[in-house]
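Input: a single structure, listed below in structure tokens.
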Amino acid sequence: MKKFAPYEFPVVRVGGFPTASITRAGLAEVMVRDCLQARDKGDQWLPKVVLSSNGQGLALAGKDSAFSEIMNQADIIHADGMPIVFASRLTSHPLPERIATTDFFHDAARAAEVHGLRFYILGAKEAQNRAAVDAIRRMYPKAEIVGRRNGYFGSDQDDVVCEEIRNSGADVLWVALGKPRQEFWAIQNREKLRGVGWIKTCGGLYAFLAGDSPRAPTWMQKAGLEWLYRTLKEPNRLGWRYLATNPYAVYRILRYTG
Ligand code: UDP
């Protein structure tokens, strides 16, 4: 089975994306190992870009080859949506579990407390970014946040933003700029972020941390219906997104899995 070099975990193709067959705990261990290595290597270390796969991403990749190419440059893609996990069960290598970034963040923050890793929180509107940072500091007082910035800046500011992040000494850069901007941004700017261990895209994470968006009940998450819960809460913003992407994502899954 194809692997994400140099990692040892297996990879399963779901909906066209090579998807890491790994648990949340396992991914947090990989993050810690990479970040400690990045500190040793400094400028010789190109950040690992860790992206996630969900129905919206599969549909986008099918329609936009530039996005598909960007996804294929990731160092790791993990299964953010439960439907991706269900689909993997059609293959001989089912994924062990879903790794929703919203859940993984907590594994990562606990690991950061133990290993002294430093986070930079990039993206979202100013108030939400600030509220998310406050929440993280309350929940994980030993996880150091070395910088934050809202996600409303132009590409002419990328150099300045990256310089600030590098100077902050961040090990993990969390990037919430919405899909697909955050994936393009992460891949296109990684060269300017040498020495940072991981760049992790995180979509709506800060809205959850700030308490602006509630999580779906556990039964809905397990049933692969978190998207439905979110749509019912924010029909104007998300209704069209899921209506437009779900059927095509199902097609991509059936056609490009295994
Ligand atoms: N966002 C941003 N800059 C932009 C576009 C979006 O910081 O140019 C932020 C937005 O404020 C939100 C986050 O990106 O906090 C995720 O956006 P999206 O609604 O796509 O997330 P999802 O609903 O997919 O989790």
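These values consider heavy atoms only, across backbone and side chains, with no hydrogens, waters or symmetry-generated copies. Each ligand, and each atom within it, is numbered from 1 in the order the structure gives. Because the structure is predicted, anything quoted here is derived from the model rather than measured.
- Nearest non-hydrogen protein atom to atom 9 (C) of ligand 1 is Ala176 O, 3.6 Å.
- Cation-pi contact between Arg181 and Phe153: present, with separation from the ring centre below 6.0 Å and deviation from the ring axis of at most 45°.
- Compare Gly203, Gly123, Cys202, Gly204 by their heavy atoms: the one nearest to atom 13 (C) of ligand 1 is in Gly203.
- Of the protein's non-hydrogen atoms, the one nearest atom 1 (N) of ligand 1 is Tyr152 OH, 3.3 Å.
- Nearest protein neighbour of atom 6 (C) of ligand 1, counting heavy atoms only, is Leu177 O, 3.2 Å.
- Close approach to Gln128 involves these atoms of ligand 1, each under 4.0 Å from a residue heavy atom: 15 (O).
- Judged by a 6.0 Å distance limit and a 45° cone about the ring axis, Arg13 is not positioned over the six-membered ring of Tyr256.
- Looking at atom 7 (O) of ligand 1, its nearest protein heavy atom turns out to be Ala124 N, 2.8 Å.
- In terms of protein heavy-atom proximity, atom 17 (O) of ligand 1 is closest to Gly178 CA, 3.5 Å.
- The aromatic rings of Phe105 and Tyr140 lie perpendicular to each other, with more than 60° between the two planes, well past the 30° mark.
- Counting heavy atoms under 4.0 Å from ligand 1, residue Arg230 touches it through the side chain alone.
- Ser53 and Asp80 share no donor-acceptor pair across their side chains, judged by distance under 3.5 Å alone.
- When non-hydrogen atoms are compared, ligand 1 lies under 4.0 Å from the side chain of Arg241 (C-beta onward) but not from its backbone.
- Of the listed options Arg149, Arg181, Arg237, Arg181 places a heavy atom closest to atom 4 (C) of ligand 1.
- Atom 3 (N) of ligand 1 has Gly151 O, 2.8 Å as its closest protein atom, hydrogens excluded (heavy atom only).
- Between Arg149 and Glu164 a salt bridge is recorded (basic side-chain N to carboxylate O distance below 4.0 Å).
- Ring geometry for Trp174 against Phe104 counts as tilted: the plane angle lies between 30° and 60°, on a 0 to 90° scale.
- Residues Tyr251 and Asn246 bring no donor and acceptor atom of their side chains to less than 3.5 Å of each other.
- Contact check on Asp75 versus Arg190 returns a salt bridge, with a Lys/Arg side-chain nitrogen under 4.0 Å from an Asp/Glu carboxylate oxygen.
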